[in-house]
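I have placed the structure first, in the form of structure tokens, so that the comments after it can refer back to it.
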Amino acid sequence: MNRFIRVLLLFSICFGNGPQETEPAKNPCADPVIAYARKHGVKAVPLKDLMHYYRTAKNCSKAGGEEVIQQIRLNEYTRDYRQSGTMAGWTSTHAVCVGVVIFYYFLGLLISSKPKSD
Amino acid sequence: MLITLFPLRGQPKISLDIGIGFYEPTMKGFDDNDLVPFPAGNFLTRNILWNVGAYYEFFSNARVGYNSLTSFDLGRLDGFETSQPVFYRTMRYRMFPLETFFRLRPKIELNFTLTPIWGRGKIILETKPSSGGSGGRTITDDWNDLFNSFGDEDPIEQVASDNNMKSDWFGYSGMIGIRYYTRPWLGLDLKAGFINNSYDKDRWRFQGKRVKGPDLTITDIPVFSLKLIYAFR
């Protein structure tokens with residue numbers, strides 16, 4: 001197996017393709033990951049593409065696309081706000097229960113008096 | 001474990017958090033111990049709780065998760081003249097919160113947390129096999145001195161290689177928090193509430209044997225936490 005890998009490496013060094021001509025620099029703001037984030041939000045970007053997104057967003061900002069990145073953030077804030085702006089279903093009951101429990105706990109803490117130790 | 005349960009590609013609403021908490025327990029068993037001078041308590045070892053957690057947003061206004069608040073103490077027990085063992089103490093409040101929330105503003109969220117607690121206290125003594133030659137102090141003597149200081153009378157005859165005592169207890173906690181998102185996926189979360197624990201000093205275990213532990217008051221105490229949240233969604 002080792003010999004096979006060595007032969008393969010040797011072949012790839014000897015007969016591999018030469019350096020190809022580099023493509024002209026693309027517009028980072030046109031990257032598909034930016035388009036995906038614009039549509040679905042940064043939090044929807046798969047984990048494996050997150051670092052790529054952050055790099056591309058940085059490059060996009062540098063290339064004059066600061067507004068695009070700001071718009072992505074703004075859209076995401078708006079989407080989150082729309083989704084959880086009001087409490088739905090049972091969640092308001094849960095919140096009220098927590099509020100009442102904590103209110104009575106702190107009220108008890110304020111008005112209770114400690115027994116005097118002799 | 002929570003992260004592995006859900007596929008990460010299908011917009012999982014997962015967030016990780018790291019931060020600190022503050023509380024004020026009364027640790028009489030360590031601070032007012034006449035027999036063993038434990039390391040002097042300070043703000044870091046008595047009042048600070050190190051906090052890590054992970055949440056999964058299963059509903060537009062609710063999350064469940066795991067949160068661990070841990071208090072550490074570490075030092076040398078100089079009172080044990082010959083062996084001077086190293087002492088470690090951890091108090092871990094493991095929480096399984098149900099958190100509901102809503103956005104007050106696009107960047108500001110109010111959240112309400114109710115959680116059961118599975119607490120665990122652990123004391124480790126790193127002591128020497130035999131100190132002082134023949135007839136000198138042994139590991140067993142060191143441990144028995146520690147137990148005596150908590151009100152137990154020489155409960156151990158021989159110590160095996162395992163060198164820690166543990167206690168588990170249950171409790172609950174309620175908290176109200178406010179979260180500010182500096183980015184859609186990054187936020188600062190401040191919470192205030194209380195923790196209530198059913199800690200019992202007689203329910204410690206050492207090598208399968210029931211022993212007495214330190215006298216601690218961790219019932220009905222206010223708790224505050226400050227966390228940094230990173231959301232994957």
Side-chain angles (χ1 to χ4, degrees), chain A residues 33 36-54 57-58 61 69-112 114-115 117, chain B residues 3 6-16 24 57-64 97-115 172-177 179-187 191-196 220-223 229-233:
Chain A
V33 77
Y36 187 82
R38 281 179 90 160
K39 195 173 176 190
H40 303 287
V42 179
K43 285 187 280 180
V45 174
L47 270 184
K48 65 180 180 61
D49 297 330
L50 261 183
M51 290 317 293
H52 174 61
Y53 168 76
Y54 288 132
K58 200 174 165 186
S61 292
I69 305 302
Q70 287 295 340
Q71 194 58 47
I72 289 174
R73 284 180 195 160
L74 199 68
N75 286 350
E76 199 151 20
Y77 279 130
T78 314
R79 186 184 299 113
D80 289 344
Y81 182 55
R82 234 185 6 248
Q83 262 180 7
S84 51
T86 51
M87 298 196 104
W90 55 274
T91 55
S92 55
T93 314
H94 176 269
V96 168
C97 288
V98 176
V100 167
V101 167
I102 290 175
F103 174 76
Y104 276 106
Y105 170 74
F106 279 104
L107 189 72
L109 213 63
L110 283 174
I111 62 174
S112 68
K114 282 185 181 175
S117 55
Chain B
I3 289 172
F6 302 99
L8 290 176
R9 281 188 69 97
Q11 291 205 13
K13 300 173 179 185
I14 290 173
S15 62
L16 299 179
E24 197 171 8
E57 196 179 309
F58 67 95
F59 190 62
S60 59
N61 292 107
R63 319 181 172 100
V64 284
L98 171 63
E99 185 172 291
T100 50
F101 61 92
F102 72 96
R103 297 256 180 162
L104 206 60
R105 296 267 183 280
K107 289 186 178 185
I108 298 173
E109 172 195 302
L110 278 186
N111 51 53
F112 307 85
T113 311
L114 211 51
T115 170
Y172 62 91
S173 169
M175 289 190 230
I176 288 183
R179 185 178 291 187
Y180 179 78
Y181 286 96
T182 54
R183 293 276 183 277
W185 60 91
L186 195 71
K191 283 189 197 327
F194 68 91
I195 52 173
N196 200 356
D220 265 347
I221 44 177
V223 66
I229 316 287
Y230 186 88
F232 292 108
R233 185 168 189 144

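Side-chain atoms are counted along with the backbone in the values below, which use heavy atoms only and exclude waters and symmetry mates. First the proteins, then the strands, lettered A, B, ... as listed; each starts at 1.
Using cut-offs of 30° and 60° on the angle between ring planes, the pair B/W185 and A/Y53 is perpendicular.
In this structure, chain B has heavy atoms under 4.5 Å from both the backbone and the side chain of A/T91. Residue B/Y230 touches chain A through its side chain alone, counting heavy-atom pairs closer than 4.5 Å. There is no contact between A/L74 and chain B, counting heavy-atom distances below 4.5 Å. Of the two parts of A/I72, neither the backbone nor the side chain holds a non-hydrogen atom closer than 4.5 Å to a non-hydrogen atom of chain B. Within the 4.5 angstrom heavy-atom criterion, atoms from both the backbone and the side chain of B/D220 approach chain A.
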Please set out all donor-acceptor pairs under 3.5 angstrom arising from side-chain atoms of residues 101-108 of chain B, sequence neighbours excluded.
residue : atom : partner : partner atom : Å
B/R103  : NH1  : B/P106  : O            : 2.7
B/R103  : NH2  : A/D80   : OD2          : 3.3

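Interatomic distance, OH of B/Y181 versus CD of A/E76, reported as 10.5 Å (0.5 Å rounding). To the nearest 0.5 Å, atoms CG (B/L186) and NZ (A/K43) are separated by 11.0 Å.
Nearest approach of A/F106 to B/P222, heavy atoms of both residues: CE2-CB, 4.2 Å. Across all their heavy atoms, B/S60 and A/Q83 have their closest contact at CB-O, 3.7 Å.
Ranked by non-hydrogen atom pairs under 4.5 Å with chain B, the options A/V98, A/T86, A/V96 are led by A/V98.
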